[in-house]
> 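I have a structure I would like to understand better, so I am pasting it below and will then ask my questions one at a time.
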Amino acid sequence: MRNFLEAEAYYVTKDPMFKGISLLLLFGSALLLVWMGVQVGFDIDGPLEPLITSIQLSFFLYFIIPIYVCFFATEGFEYGSVQTIIASGQSRSLYLLGKYLTELKVVLWWVIQFFGLFYVLYMLAALVTGSHIGNESLEGKFIVAMGAIGFNILYLAAYSAVVLLLGVLMKKSATAVIATFVFVFGDFLLSGYLKDSSYVYLRMVSENTLTTQIFKFSAVNSHEIYTLNEGVRMILIPVVIIGVCLSVALVSFEKRDVHL
């Protein structure tokens with residue numbers, strides 16, 4: 001298992017798509033910083049304010065990262081490496097787990113890169129331009145920021161589990177990408193179009209979509225202390241999705257032929 005994880009990590013570091021998305025996040029953070037500087041300047045109420053701002057802009061990660069995960073989940077089927085790995089003695093369950101753990105490491109790296117890079121660049125810009133940096137209390141902002149970043153990692157892990165399942169079921173990158181787009185935009189549409197429905201069941205579906213929960217911890221007005229029920233639901237929804245998707249993916253992978 002350790003050797004397999006090391007091999008997957010090496011593959012990721014050499015993958016042009018991984019490098020491309022990393023550069024995209026780099027340039028995206030820089031351009032966003034320039035745009036904000038032109039529009040509102042770099043004055044902030046406290047040293048954690050840039051982090052709060054970046055959290056409000058994190059939703060686009062859910063349109064970028066799942067696509068990469070889609071290609072990563074299906075590359076073993078596309079290039080036939082899954083057959084070689086399993087033939088060498090690696091169990092299917094450990095292969096699937098290794099893929100998912102590698103996906104989580106990629107997610108963690110990009111989340112740290114996105115939030116950390118934007119924060120560092122923003123603070124440097126504020127210092128260089130002599131902008132006002134307030135001394136607003138750090139405790140409340142820190143809890144909000146760390147909680148939102150933690151939720152982003154958890155929800156991206158849930159998206160990764162869904163995409164891994166789609167990759168196992170479809171095996172072809174092109175087909176899996178289409179299914180991933182349908183899932184991502186479908187969840188987004190369910191969240192938006194059903195929230196005002198006259199039917200209680202449809203409103204309940206909207207309230208429990210991933211997108212609805214993401215908006216809750218990403219939106220400006222949601223930076224309040226969550227009630228116990230809200231907190232439990234926001235944690236439980238992605239955890240259940242991860243458990244169900246990985247279980248179904250494993251059962252399907254164990255029973256189906258790995259040949260295309």
> So, do E75 and S173 sit near enough that their side-chain heavy atoms are less than 4.5 Å apart?
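Result no, sub-4.5 Å side-chain heavy-atom pair not found.
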> Checking ring-ring contact (aromatic ring centres under 6.0 Å, His included) between F60 and each of F114, F188, W110, which is the one that passes?
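Testing each of F114, F188, W110 against F60, the sole residue satisfying ring-ring contact (aromatic ring centres under 6.0 Å, His included) is F114.
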> Is there a path from L24 to V111 through hydrophobic residues (I, L, V, M, F, W, Y) whose side chains come within less than 4.5 Å of each other?
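In one cluster with L24: V111, yes.
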> Where do G98 and T102 come nearest, in terms of heavy atoms and distance?
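The answer is O-OG1, 2.8 Å.
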> What orientation do F72 and Y68 show, parallel under 30°, tilted 30 to 60°, or perpendicular over 60°?
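If you compare the ring of F72 with that of Y68, the planes turn out parallel.
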> Do I235 and L104 belong to the same hydrophobic cluster, where Ile, Leu, Val, Met, Phe, Trp and Tyr are linked whenever their side-chain heavy atoms lie under 4.5 Å apart, directly or via other members?
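Same cluster.
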> Between F77 and M170, does the side chain to side chain contact (heavy atoms under 4.5 Å, CB included) criterion hold? Intermediate values first, please.
CA-CA 9 Å; F77 299 107; M170 300 182 177; over 6 Å; no
> Would you name the heavy atoms of S206 and S191 that are closest together and state the gap between them?
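Looking at all heavy atoms of both residues, the shortest contact is OG-O, 2.7 Å.
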> What is the distance from atom CG of L154 to atom CD1 of I149, rounded to the nearest 0.5 Å?
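Rounded to the nearest 0.5 Å, the CG-CD1 separation comes out at 14.0 Å.
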> Side-chain contact, heavy-atom cut-off 4.5 Å: C70 with L166?
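Counting from C-beta outward, C70 and L166 never come under 4.5 Å.
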> Who else is in L124's hydrophobic cluster (ILVMFWY, side-chain heavy atoms under 4.5 Å, direct or via others)?
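Joined to L124, directly or through intermediates: V120.
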> Do Y122 and F118 have their ring centres less than 6.0 Å from each other?
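Yes, they do, as the ring centres are separated by less than 6.0 Å.
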> Rounded to the nearest 0.5 Å, what separates atom CG in L250 from atom OG in S252?
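Spacing of CG (L250) from OG (S252) equals 9.5 Å.
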> Would you say P238 and F151 make side-chain contact, with heavy atoms under 4.5 Å?
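Counting from C-beta outward, P238 and F151 never come under 4.5 Å.
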> Let me see the working for Y155 and N152 under side chain to side chain contact (heavy atoms under 4.5 Å, CB included), right down to the final yes or no.
CA-CA 5 Å; Y155 276 74; N152 269 301; 5.9 Å; no
> Could you grab the distance from atom CG of L5 to atom NZ of K105, nearest 0.5 Å is fine?
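The CG atom of L5 sits 5.5 Å away from the NZ atom of K105.
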> Mind checking whether I112 and L26 sit in one hydrophobic cluster, side chains of I, L, V, M, F, W, Y counted as touching below 4.5 Å?
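Looking at the clustering, L26 is in the same group as I112.
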> Does any non-hydrogen side-chain atom of F42 lie less than 4.5 Å from one of L33?
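Heavy-atom side-chain distance check passes, below 4.5 Å.
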> What is the distance from atom CD of E8 to atom OG1 of T13, rounded to the nearest 0.5 Å?
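It comes to 11.0 Å.
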> Taking all heavy atoms of S131 and all of D43, pick out the closest pair and write down the distance.
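Taking S131 first and D43 second, the nearest heavy atoms are CB-OD1, 3.2 Å.
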> Which pair of non-hydrogen atoms, one from T74 and one from G167, has the smallest distance, and what is that distance?
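Reported closest heavy-atom pair: CG2-CA, 3.5 Å.
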> Is the side chain of T53 donor-acceptor paired with the backbone N or O of E49 at a distance under 3.5 Å, no angle test?
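Judged by distance alone, yes, a pair lies under 3.5 Å.
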> Looking at every heavy atom in both G76 and Y95, which two are closest together, and how far apart are they?
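Minimum heavy-atom contact is CA-OH, 3.7 Å.
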> Test L246 against L96 for side chain to side chain contact (heavy atoms under 4.5 Å, CB included), laying out the working first.
CA-CA 8 Å; L246 291 183; L96 201 64; 5.6 Å; no
> Do T211 and T209 have a side chain donor and acceptor closer than 3.5 Å?
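No pair is found: no donor N or O on one side chain lies under 3.5 Å from an acceptor on the other.
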> Heavy-atom distance under 4.5 Å between the side chains of L25 and L61, does that happen here?
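Yes, their side chains come closer than 4.5 Å.
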> When rounded to the nearest 0.5 angstrom, what distance separates CD in Q213 from CG in D187?
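The distance works out to 9.5 Å.
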> What about I242 and V251, same hydrophobic cluster or not, with Ile/Leu/Val/Met/Phe/Trp/Tyr joined at side-chain heavy-atom distances under 4.5 Å?
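The answer is no; the residues belong to distinct hydrophobic clusters.
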> Under the ring-ring contact (aromatic ring centres under 6.0 Å, His included) test against Y159, which residue among Y62, F63, Y100, F59 passes?
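With Y159 as partner, ring-ring contact (aromatic ring centres under 6.0 Å, His included) holds for just one option, Y62.
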> Grouping I, L, V, M, F, W and Y whenever their side-chain heavy atoms are under 4.5 Å apart, do V12 and L23 come out in a common cluster?
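V12 and L23: one cluster.
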> Could you measure the distance from the CG atom of N208 to the CZ atom of R233? Nearest 0.5 Å is fine.
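Reported to 0.5 Å precision, the distance equals 5.0 Å.
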> Given side chain to side chain contact (heavy atoms under 4.5 Å, CB included), test V69 with L156 step by step and report yes or no.
CA-CA 10 Å; V69 172; L156 284 168; over 6 Å; no
> Would you check if F183 and L210 make a side-chain contact, meaning some heavy-atom pair closer than 4.5 Å?
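They are in side-chain contact.
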